[in-house]
Amino acid sequence: MQARHSDYAAALEKAHEAYEAWRAARAELDELRHRLKEGSKKMRTVSAEERDTLRARLKELSDAVKAREEEIHALDEARLEALLHVPNIPLPDVQPGDESANEEVRRWGQIPEFDFTPKPHWEIGEHLGIIDFERAARMSGSRFAVLTGAGARLERAIESFMLDLAREHGYTEVSVPHLVRREAMVGTGQLPHLENDTYKTQDDPPYYLIPTAEVTLVNLHRDEILEPGSLPLYYVAATPCYRAEAGSHGRDVRGLIRQHQFRKVELVKVVEPEHSDDELEKLVNNAEEVLRRLKLPYRVLRLAAGDMGFAAAKTYDLEVWVPSEGKYREISSCSTTTDFQARRAKIRYRAKAGEKPRLVHTLNGSGLAVGRTFLAILENYQNSDGTVTVPEALRPYLGGASLITAEGLK
RNA sequence: GGAGGAGUGGCCGAGUGGUCGAAGGCGGCGGUCUUGAAAACCGUUGUGCGUCAGCACCGGGGGUUCGAAUCCCUCCUCCUCCGCCA
């Protein structure tokens, strides 16, 4: 916990105190209830004269129970609330420290050499008439984009390609709601800490717009005890993701990097605890395969504890090469949450019939962020004449076209 | 949106104030029998907390009562009919 941030140590301490207070009060309550229960049983057998005195005595007991219950209720809420602010514990092989302590694990691909100055994707896109930020801004404001013609088709092609590849890797495709209840967001650990970063409707109670399909895919099995032999489960879903991006004003304002709405193909695994380490490596490899097939240069980072998400115990980020910036940018984040989400969402399994249920481990990873893949393709595959070559892997999804020009696909 | 009905253990389903954590059936598991299997029979079979005495949970929350699966309120979900929209 220290490895993440010192504030969390305080959160943990608070949760511990709340728990102890709750437990002590709870024991007393159980005792009171036991006495009340025993007394109530006697009511039926006791004589009429005794009944009134007994009733009076039990009434007092009953009132005492109720008073205690009220206290417990408050203590319980404090305890749960405190617990919700404690993040997951980093696995032992995760480095302490912030972003600067992230470790590069490996690189893949050849960084493209251009005999001209590579343009940023928004210039390429606007020149080709496939990205329109202006019109998007008119209807929706900043951090939105309209994709037209070959742009819209390219986005769809990328997504279909990713879904098909995931299926090849054994994932079951799922079509999920994009609006969820608060409990679902709490179950995966998005809430309460990302409250200001999410969109919600004005209904009462409100719906939350999913910031990632991880929320829906993990909640698929909320409150379930999975049967022996049903694990591992691999799911993939392509959805829009909605993020308010509070606090990111001024960062990546241009282009497709940081949008309020973007499409993403999300991979989720539900696995037995003993396999979660291996499953994470496989998950990362599945995400990497998308980049390899698209021949986009990337590197893999093992994140330091302070740079990981709230629910993650270990995270690998995939970063794709962005020529106009001359650096790698995040395109996927693959994490194991160990039993953190499982505990919140109450997802358990039985290893064998008749055995006690145990918490599962859940993993998630983007496979990949579609908008960022789109941008990476435009930039890495750009030609000096302003056209963009279509990566071979995507051509079957675009009627065999190999080039995006201002006149359309060719 | 309006009117009505219903939510009980893995599933089906009984239970309308106490003896109900909850009949019965199905399924699961173990056993007997069998060369093996089926059938039959017997047993067993929810989850969490716990100081291992106990306590909680019958869709969620609240209330009435000495006592609630059972009565009342409220929310959620599902079903039927009507309306509306596609």
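Chain letters run A, B, ... following the sequence lines, proteins first, then strands; residues in each count from 1. Just so it is clear, the model here is predicted, and its values are computed rather than measured.
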Considering every strand and a 4.0 Å limit on heavy-atom distances, what is the contact class for [X]: base, sugar-phosphate, or nothing?
X	value
A/Arg33	sugar-phosphate
A/Lys41	nothing
A/Arg35	nothing
A/Pro357	sugar-phosphate
A/Leu36	sugar-phosphate
A/Lys66	base

Distance check: side-chain N/O of [X] vs OP1/OP2 of [N], anything under 4.0 Å?
X	N	answer
A/Arg26	B/rC55	no
A/His34	B/rC55	yes
A/Arg350	B/rU47	yes

With respect to the side chain of [X], which nucleotide from [options] is positioned closest?
X	options	answer
A/His73	B/rC55, B/rG62, B/rG48	B/rG62
A/Lys356	B/rG48, B/rG18, B/rU65	B/rG48
A/Asp30	B/rG18, B/rC55, B/rG50	B/rC55
A/Trp22	B/rC49, B/rG67, B/rG62	B/rC49

Self-check item: Pair A/Glu279-A/Tyr234, side-chain donor/acceptor within less than 3.5 Å
Solution: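 Side-chain D/A pair, A/Glu279 to A/Tyr234: present.
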
Practice problem: Would you please indicate if the ring centroids of A/His221 and A/Tyr235 are separated by under 6.0 Å? | Solution: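 Ring-ring flag for A/His221/A/Tyr235: true, centres closer than 6.0 Å.
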
Practice problem: Report the residue (A/Leu29 or A/Ala56) whose heavy-atom-nearest nucleotide on RNA chain B is the more 5′ of the two. | Solution: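 On the 5' side of the pair lies A/Leu29.
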
Quiz item: Closest nucleotide of RNA chain B for A/Ala24 versus for A/Ser62: which of these residues is on the 5' side?
Solution: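 Counting from the 5' end, the first nearest nucleotide belongs to A/Ala24.
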
Quiz item: Per the side chain to side chain contact (heavy atoms under 4.5 Å, CB included) rule, which among A/Val370, A/Val215, A/Leu217, A/Val176 passes with A/Thr239?
Solution: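 Among A/Val370, A/Val215, A/Leu217, A/Val176, the one that satisfies the side chain to side chain contact (heavy atoms under 4.5 Å, CB included) with A/Thr239 is A/Val176.
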
Quiz item: Of the options A/Leu301, A/Asn285, A/Val300, which is the one that meets A/Tyr316 in a side chain to side chain contact (heavy atoms under 4.5 Å, CB included)?
Solution: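 For A/Tyr316, the side chain to side chain contact (heavy atoms under 4.5 Å, CB included) test succeeds with only one of A/Leu301, A/Asn285, A/Val300, which is A/Val300.
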
Practice problem: Determine the Euclidean distance between corresponding P atoms of B/rC75 and B/rC55; express it in Å to zero decimal places. | Solution: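 Looking at atom P only, B/rC55 and B/rC75 are 34 Å apart.
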
Quiz item: P atom, B/rG28 versus B/rA39: distance in rounded Å?
Solution: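 So the two P atoms sit 9 Å from each other.
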
Quiz item: Between B/rG17 atom C1' and A/Lys37 atom NZ, what is the distance in whole Å?
Solution: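 These atoms are roughly 16 Å apart.
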
Quiz item: Are A/Val65 and A/Arg35 close enough, and set up right, to give a side chain to side chain contact (heavy atoms under 4.5 Å, CB included), and what steps lead you there?
Solution: CA-CA 10 Å; A/Val65 165; A/Arg35 281 164 53 199; over 6 Å; no

